[in-house]
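Index from 1, following the sequence.
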Amino acid sequence: MNTLQQYSNAENIFSGARLNNSEYTMSLLKEALRLGYIDETEEAAVKAKIFDGLATVIDEFTEGKSTSVSNEKANDLLSSLLYNIDAYLISLQNPAKAYEELKTKTLSYLYDAGGIALKRVMTDCTALLFNNKKTRLPVGSEYYNRALDEDVRAFTKAYNIRFGAHRNPVIPRYKTAIAPRGSGIVRLKRYLTNMLTENLFCRHYDSEEVKTVIAYEVMRAEDMESNVGNLYIPILRCAVICQFLIPGVHHVLLSEDDVMTAEGLLDEYTPDEMKTVLTAAFSRLPAENSEYHKKVFENELPSIIQSVKRNNLRTLLAYLPKPTSI
């Protein structure tokens, strides 16, 4: 079999691989064995190469002063080594090629190449942070503002690609609607990507309306003596209800009467029917990353339906209350 045929055969075999990006190198090795591309002897040889490489990392970490460290530190350095290798192999976007690199390249090469790949991710994070600041909400919570102005910068400043690539030195306390998966700088990139997706959605609407909705959420949290949560979810909820009440409308600000009207209309439906009409309303919303918003909407939908059936939709939505008479 010539090289081209062998490579083509490998691509066919790996097309059925079930790979885990959080443990890409080890899952690649596991799948190569499961799919019959390698035998146990070759698997053991690659694993031995990885653990031999750990000794070099330990020597580098201790600056040649020691050949051993505690088991905890050794596991920590191994995790960082594998995180770097994962980054490089994932960047190839081809499991067959990734396995050949893992098998034929030295650990030093894979480790260094992983570091280069992670530096590119850090550059992406810098660009994402800039875009998030550029599109930041017209009013934010303490955690939201700290995430943009302090936490991300603190993360990148403390992040160590070489010996702590898998670590999260700082985790922003502001939570995006969908929690980012993974760890290290890859997790930070996903976090910033989620935040930008949320910011851009809110930017579709009048900034004064968005500001009013968020201000209501902040006030409600203060009344309950709790921390303000995610700021995009209230905007999404209100946008769906506005769209349900008047298809094609481009607003997120509801009055108390609007909320009561929506509750009365929705209560006429069964839960399945309510799901259908609210999903139709959601489908008319403007959004760049529709998949992300769809996941959030599907997570929120049960709460909306339950609130309607319990006649307490007002507790879920931000709205302008009726003025109180003096």
Undergrad: Closer than 4.0 angstrom, basic N to acidic O: yes or no for D272 and K275?
TA: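 Salt bridge between D272 and K275, a charged N being under 4.0 Å from a carboxylate O: no.
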Undergrad: Can you confirm whether K175 sits close enough to N230 that some side-chain heavy atom of one is under 4.5 Å from a side-chain heavy atom of the other?
TA: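 SC-SC contact between K175 and N230 ruled out.
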Undergrad: Is K295 salt-bridged to E298, cutoff N-O under 4.0 Å?
TA: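 No, K295 and E298 are not salt-bridged.
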Undergrad: For E268, which residues count as a salt bridge (Lys or Arg N to Asp or Glu O under 4.0 Å) partner, sequence neighbours excluded?
TA: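 Applying salt bridge (Lys or Arg N to Asp or Glu O under 4.0 Å) to E268 gives none.
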Undergrad: Do E198 and Y292 have a side chain donor and acceptor closer than 3.5 Å?
TA: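 Checked: E198/Y292 side chains pair up, N/O donor to acceptor below 3.5 Å.
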Undergrad: Looking at E31 and A17, would you say the former's side chain and the latter's main chain have a donor-acceptor pair under 3.5 Å?
TA: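 Side chain of E31 to backbone of A17, a donor-acceptor pair under 3.5 Å: no, none is there.
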Undergrad: Charged N to carboxylate O under 4.0 angstrom, K103 versus E100?
TA: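 Judged by the 4.0 Å cut-off on N to carboxylate O distance, K103 and E100 do not form a salt bridge.
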Undergrad: Which heavy atom of L231 sits nearest to which heavy atom of G140, and what is that distance?
TA: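 That closest heavy-atom pairing would be CD1-CA, 3.8 Å.
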Undergrad: If the condition is salt bridge (Lys or Arg N to Asp or Glu O under 4.0 Å), which residues does D257 pass it with, not counting sequence neighbours?
TA: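 Once residues adjacent in sequence are excluded, the partners of D257 under the salt bridge (Lys or Arg N to Asp or Glu O under 4.0 Å) criterion are K322.
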Undergrad: Taking C-beta and beyond as the side chain, do L253 and Y319 meet within less than 4.5 Å on heavy atoms?
TA: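 Of all side-chain heavy-atom pairs linking Y319 with L253, none is under 4.5 Å.
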Undergrad: Find the distance between CD1 (I85) and OH (Y109) and round it off to the nearest 0.5 Å.
TA: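 These two atoms lie 12.5 Å from each other.
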Undergrad: Would you say T197 and N194 are linked by a side-chain donor-acceptor pair, where the criterion is simply a distance under 3.5 Å?
TA: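 Distance-only check fails for N194 and T197.
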Undergrad: Mind running side chain to side chain contact (heavy atoms under 4.5 Å, CB included) on E142 and Y174 for me, showing each step along the way?
TA: CA-CA 8 Å; E142 176 188 356; Y174 179 77; over 6 Å; no
Undergrad: Please give me the minimum heavy-atom distance between S80 and G164, naming the atom from each residue.
TA: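 For S80 and G164, the tightest heavy-atom pair comes out as OG-N, 3.2 Å.
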Undergrad: Determine, step by step, whether S255 and D258 satisfy the side-chain hydrogen bond (donor to acceptor under 3.5 Å, both in side chains) criterion, reporting the C-alpha distance in whole Å, the side-chain angles of both residues, the deciding distance to 0.1 Å, and the verdict.
TA: CA-CA 5 Å; S255 68; D258 291 333; 3.1 Å; yes
Undergrad: List the atom of R284, the atom of G248, and the distance in Å for their closest heavy-atom pair.
TA: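 Closest pair (atom of R284, atom of G248, distance): NE-N, 4.2 Å.
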Undergrad: Determine the minimum heavy-atom distance between R187 and G182, stating which atoms define it.
TA: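 Where R187 meets G182 most closely, the heavy atoms are CD-O, 3.3 Å.
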Undergrad: Please determine whether the number of non-hydrogen atoms from other residues, nucleotides or ligands lying under 6.0 Å from atom CG of N71 exceeds 12.
TA: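 Atom CG in N71 is not crowded, with 12 or fewer foreign heavy atoms closer than 6.0 Å.
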Undergrad: Below 4.5 Å, heavy atoms only, C-beta onward: do V252 and I241 meet side chain to side chain?
TA: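 V252 vs I241: side chains apart.
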Undergrad: Check whether the side chains of T25 and D86 place a donor and an acceptor atom closer than 3.5 Å, and report yes or no.
TA: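 A donor-acceptor contact under 3.5 Å links the two side chains.
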Undergrad: Consider only side-chain N and O atoms of N199 and N132, and report whether a donor and an acceptor are under 3.5 Å apart.
TA: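 Per modelled atom types, N199 and N132 side chains form a pair under 3.5 Å.
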Undergrad: Backbone N or O of L19 within a donor-acceptor pair of the Y24 side chain at under 3.5 Å?
TA: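 Absent.
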Undergrad: Indicate the atoms forming the closest heavy-atom contact of N20 with S27, along with that distance.
TA: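 That closest heavy-atom pairing would be N-OG, 3.2 Å.
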Undergrad: Decide if atom CZ of R153 counts as having more than 12 heavy atoms of other residues, nucleotides or ligands within a radius under 6.0 Å.
TA: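 Atom CZ in R153 is not crowded, with 12 or fewer foreign heavy atoms closer than 6.0 Å.
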Undergrad: Would a hydrophobic clustering, with Ile, Leu, Val, Met, Phe, Trp and Tyr connected at side-chain separations under 4.5 Å, put V249 with M260?
TA: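 Unlinked, V249 and M260 end up in two clusters.
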Undergrad: Under a 4.5 Å cut-off applied to non-hydrogen side-chain atoms, are L107 and T56 in contact?
TA: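 No. Closest side-chain heavy atoms not under 4.5 Å.
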Undergrad: Going hydrophobic residue to hydrophobic residue with side-chain gaps under 4.5 angstrom, can you get from I246 over to I304?
TA: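 Hydrophobic grouping puts I246 with I304.
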Undergrad: Determine whether Y99 and L89 satisfy the following criterion, side chain to side chain contact (heavy atoms under 4.5 Å, CB included), listing intermediate values before the conclusion.
TA: CA-CA 8 Å; Y99 181 76; L89 296 183; over 6 Å; no
Undergrad: With no hydrogens and no angle check, is any side-chain donor or acceptor of R220 less than 3.5 Å from a backbone partner on T315?
TA: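 Checked: pair present.
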Undergrad: Answer yes or no: is there a side-chain heavy-atom contact under 4.5 Å between K309 and M274?
TA: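 When only atoms from C-beta onward are counted, M274 and K309 do touch, with a gap below 4.5 Å.
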Undergrad: Within the 4.5 Å heavy-atom criterion, are R136 and D149 side-chain neighbours or not?
TA: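 The answer is yes, as the side chains (C-beta and beyond) meet within the 4.5 Å cut-off.
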Undergrad: Minimum heavy-atom separation for N168 and F155, please, with both atom names.
TA: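 It is CA-CE1, 3.8 Å.
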Undergrad: Take V218 and V139 through the test side chain to side chain contact (heavy atoms under 4.5 Å, CB included) and record every step on the way to the result.
TA: CA-CA 10 Å; V218 172; V139 61; 5.9 Å; no
Undergrad: Could you grab the distance from atom CZ of R237 to atom CZ of F282, nearest 0.5 Å is fine?
TA: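 The distance works out to 14.0 Å.
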Undergrad: In chain order, what residues pass the side-chain contact (heavy atoms from CB on, under 4.5 Å) check against S283, with sequence neighbours excluded?
TA: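 For S283 there are no side-chain contact (heavy atoms from CB on, under 4.5 Å) partners, ignoring immediate neighbours.
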Undergrad: My understanding is that only residues two or more places apart in sequence, or in another chain, count here; which of them pass salt bridge (Lys or Arg N to Asp or Glu O under 4.0 Å) with K105?
TA: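 Here the qualifying residues are E101.
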Undergrad: Taking C-beta and beyond as the side chain, do D112 and I116 meet within less than 4.5 Å on heavy atoms?
TA: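 No. Closest side-chain heavy atoms not under 4.5 Å.
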Undergrad: Measuring from atom CG of L254 to atom CG of L317, what distance do you get when rounded to the nearest 0.5 angstrom?
TA: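 Between L254 CG and L317 CG, I get 6.5 Å after rounding to 0.5 Å.
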Undergrad: If you count the non-hydrogen atoms of other residues, nucleotides and ligands that lie under 6.0 Å from CZ in F163, is the total more than 12?
TA: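 For F163, atom CZ is crowded (more than 12 foreign heavy atoms under 6.0 Å).
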Undergrad: About how many Å separate CG of L236 and CG of L285, when rounded to the nearest 0.5 Å?
TA: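 Here the rounded value is 6.5 Å.
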Undergrad: Just by modelled atom types, is the H204 backbone N or O under 3.5 Å from a matching donor or acceptor in the H250 side chain?
TA: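 Yes.
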Undergrad: Output yes when a side-chain donor or acceptor of N312 lies under 3.5 Å from a complementary backbone atom of V308, and no otherwise.
TA: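 No: the side chain of N312 does not pair with the backbone of V308.
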Undergrad: Report yes if the side chains of Y205 and H251 come closer than 4.5 Å at any heavy-atom pair, otherwise no.
TA: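 They are not in side-chain contact.
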Undergrad: Which residues satisfy the salt bridge (Lys or Arg N to Asp or Glu O under 4.0 Å) test with R310, sequence neighbours excluded?
TA: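 Checked R310 against salt bridge (Lys or Arg N to Asp or Glu O under 4.0 Å); zero matches.
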Undergrad: Working to the nearest 0.5 Å, report the span between CD1 of I178 and CZ of R190.
TA: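 Going from the CD1 atom of I178 to the CZ atom of R190 covers 12.5 Å.
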Undergrad: If the threshold is 4.0 Å, N to carboxylate O, is there a salt bridge linking R167 and D76?
TA: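 Looking at R167 and D76, the cut-off is met.
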Undergrad: Could you see if Y191 belongs to whatever hydrophobic cluster contains I171? Use Ile, Leu, Val, Met, Phe, Trp, Tyr and a side-chain cutoff under 4.5 Å.
TA: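 Y191 and I171: separate clusters.
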Undergrad: By side-chain contact (heavy atoms from CB on, under 4.5 Å), which residues pair with D124, not counting sequence neighbours?
TA: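 With neighbours one apart ignored, the set is K189.
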Undergrad: Are the side chain of E43 and the backbone N or O of I38 linked by a donor-acceptor pair below 3.5 Å?
TA: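 Between the backbone of I38 and the side chain of E43 there is no qualifying donor-acceptor contact (under 3.5 Å).
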Undergrad: Apply the test ring pair (Phe, Tyr, Trp, His ring centres under 6.0 Å) to residues H293 and Y232: give CA-CA distance (whole Å), side-chain angles for both, the deciding distance (0.1 Å), then the verdict.
TA: CA-CA 10 Å; H293 304 298; Y232 143 83; 5.6 Å; yes
Undergrad: Apply the test side chain to side chain contact (heavy atoms under 4.5 Å, CB included) to residues Y83 and L78: give CA-CA distance (whole Å), side-chain angles for both, the deciding distance (0.1 Å), then the verdict.
TA: CA-CA 8 Å; Y83 192 99; L78 176 60; over 6 Å; no
Undergrad: Measure the CG-NZ distance between L148 and K134 for me, rounded to the nearest 0.5 Å.
TA: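 NZ of K134 is found 15.0 Å from CG of L148.
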Undergrad: Does K49 NZ have over 12 foreign heavy atoms under 6.0 Å away?
TA: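 Above 12, so yes.
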Undergrad: Does the Lys NZ or Arg CZ of R173 fall within the cation-pi geometry relative to Y144 - under 6.0 Å from the ring centre and within 45° of the axis?
TA: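 Not flagged: R173 not positioned over aromatic ring of Y144.
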Undergrad: Can you get from L192 to F130 by hopping between Ile, Leu, Val, Met, Phe, Trp and Tyr side chains that sit under 4.5 Å apart?
TA: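 No, L192 and F130 fall in different hydrophobic clusters.
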Undergrad: For the pair K30 and E23, find out whether any cationic side-chain nitrogen is under 4.0 Å from an anionic carboxylate oxygen.
TA: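 No salt bridge links K30 with E23.
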Undergrad: Tell me if a side-chain donor or acceptor on K47 pairs with a main-chain N or O of L29 at a distance below 3.5 Å.
TA: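 Not at all, since once roles are kept as given, no pair shorter than 3.5 Å links the two residues.
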